[in-house]
Number of protein chains: 2
Amino acid sequence: MEPLQSQGSMTDRATSALRSAILRGDLEPNTLHAVHTVAESLGVSRTPVREALIRLAAEGMVRVQRNRGFVVLRHSPRDLVEIFSLRLLLEVPATRAAASLATPDDVAALDADIARMRDAMAADDAELFLREDRQFHRTLLSISGNERLTEFVDSLRNVVLSSGVSTANRTESIGEILEPHLELLRLVRDGKPTEAAASMHEHLVSTGHKLLTQEFGDEAAASFADALGAYEA
Amino acid sequence: MEPLQSQGSMTDRATSALRSAILRGDLEPNTLHAVHTVAESLGVSRTPVREALIRLAAEGMVRVQRNRGFVVLRHSPRDLVEIFSLRLLLEVPATRAAASLATPDDVAALDADIARMRDAMAADDAELFLREDRQFHRTLLSISGNERLTEFVDSLRNVVLSSGVSTANRTESIGEILEPHLELLRLVRDGKPTEAAASMHEHLVSTGHKLLTQEFGDEAAASFADALGAYEA
DNA sequence: GATTGACATGTAACATACAACACGTCACAT
DNA sequence: ATGTGACGTGTTGTATGTTACATGTCAATC
């Protein structure tokens with residue numbers, strides 16, 4: 001398992017340790033695991049691990065079975081479809097709002113995020129790049145003013161993070177991921193809500209499609225398109 | 001505090017006991033509370049209460065302050081605006097999807113929910129009515145096929161429940177709340193996605209507006225309208 | 001041979017003991 | 001009078017002991 005980072009409460013550390021262990025695939029999905037095992041391998045007591053599991057269960061990453069253990073829920077194509085549908089329903093209108101509300105300070109913050117993405121790209125650090133990508137989306141969404149929306153969308157990405165990394169590696173250069181973000185920044189800066197929303201829509205559909213195709217094949221990607229169709233007018 | 005219902009784990013029971021205590025206003029907001037106090041008054045140890053607090057913190061109902069206690073977060077007009085914005089962004093498209101996907105079984109389930117709402121109305125049980133109202137929305141949303149969407153929207157209602165009760169009592173008869181649901185059922189049954197979506201939109205805007213007006217006045221309601229404007233094209 | 005039930009085993013759920021921490025208070029020095 | 005620091009108090013955070021439960025096994029019975 002572990003390294004177990006060196007800040008925050010034990011519970012916090014256990015939470016992120018578990019999250020990355022799960023995303024790395026270190027904890028076999030659909031199998032019963034015992035809390036005490038994990039606790040030992042992390043070098044903490046059972047309590048913080050248990051509390052971390054309660055959080056992760058709320059996020060839908062694990063399920064706790066009474067007096068039996070917990071299982072890591074393997075995410076299916078259906079999960080990805082759900083997540084990208086939700087992101088589309090929320091991020092597109094939020095982007096529209098952001099473009100019509102953004103102050104110069106907001107634009108500067110987005111700019112700073114992009115700069116950090118560039119740095120990560122230069123350092124060829126895919127994991128860092130993904131973290132900064134995520135931060136860019138957070139910043140953008142928070143401009144809309146809806147804190148709950150920002151938090152929820154961000155939490156959705158916990159389920160997909162590892163897949164995201166592999167996307168970056170396999171199907172396109174990091175630079176190709178950067179481009180849509182530059183476009184978003186430009187449209188938000190220039191106060192073009194409709195265009196910004198369209199750009200976000202396109203960005204998410206394309207990312208979701210790529211992810212689904214590479215993880216589960218063309219069939220799954222097609223079901224994504226179907227699902228989207230039902231929501232739209 | 002308590003009665004503490006008689007099924008489920010201690011943690012489950014503590015969670016719902018706390019939730020209703022908070023919504024009833026038994027735990028003063030913006031004040032530090034100690035876990036051991038609550039645990040005593042519930043007759044359980046601190047552990048399940050603590051675990052319940054972790055869940056409620058994830059829902060945004062409380063905030064835990066390290067080594068100090070926890071505070072009940074008083075929801076502001078802003079919270080209500082956020083929540084109804086999110087519900088609009090999600091429930092309207094989900095209703096559209098539901099109307100285009102619903103099977104006869106789904107319609108029957110909705111019909112059963114409505115019947116239970118009628119029963120609650122006949123028994124003049126406002127609290128039960130609200131629970132059934134919530135169940136109707138759950139059923140409707142789950143027809144869309146997006147489980148995460150259903151759960152998230154449902155969780156948003158935890159914050160508003162008590163206000164909802166007072167809405168029912170003060171500003172309109174229960175019968176007037178039933179009507180929009182009947183219309184939704186009709187439009188979903190007849191497979192009219194666009195009309196169903198419009199009906200849900202109208203229903204949510206109207207409910208949100210009423211709630212905000214009665215809780216915080218016209219000014220707050222106006223800010224709701226403003227917020228919606230930014231999301232829409 | 002199939003079915004049932006007692007029991008052993010492993011587990012989470014819960015209670016409790018202990019340590020670390022944040023904060024208020026009060027004495028003391030300046 | 002004011003600032004500073006030690007200390008007391010109340011609280012969580014964490015560890016660990018204890019209880020109750022879900023399940024698999026295996027023997028007894030039909």
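- For the residue pair Asp226(A)/Ser223(A), the side-chain donor-acceptor check at 3.5 Å is not satisfied.
- Aromatic ring orientation, His203(B) versus His137(B): parallel (interplanar angle below 30°, classes split at 30° and 60°).
- In this structure, CE of Met10(B) is placed 15 Å from C1' of dT16(C), rounded to the nearest angstrom.
- At the phosphate of dA13(C), neither OP1 nor OP2 sits under 4.0 Å from any side-chain N or O atom of Thr11(B).
- Comparing dA15(D), dA13(C), dT12(D) by their nearest atom to the side chain of Ala34(B) picks out dT12(D).
- With respect to Asp79(B) and Arg148(A), a salt bridge is recorded, a charged nitrogen being found less than 4.0 Å from a carboxylate O.
- For Arg68(B), the listed nucleotide lying nearest its side chain is dC23(C); candidates were dA15(D), dA13(C), dC23(C).
- If you find the closest nucleotide of DNA chain D to Arg46(A) and to Val35(B), the one lying nearer the 5' end belongs to Val35(B).
- Atom NE2 of His36(A) and atom P of dT9(C) are 15 Å apart (whole Å).
- The distance between atom CD of Glu40(B) and atom P of dA15(C), rounded to the nearest whole Å, is 13 Å.
- When the nucleotides dC14(C), dA20(C), dC21(D) are ranked by their closest atom to the side chain of Asn67(B), dA20(C) comes out on top.
- Side chain Thr47(A) to base dT16(D): a donor-acceptor pair is found below 3.5 Å.
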> Hey, mind stepping through Arg116(A) and Asp119(A) against salt bridge (Lys or Arg N to Asp or Glu O under 4.0 Å) and telling me if it holds?
Replying inline: CA-CA 5 Å; Arg116(A) 276 196 294 276; Asp119(A) 291 347; over 6 Å; no
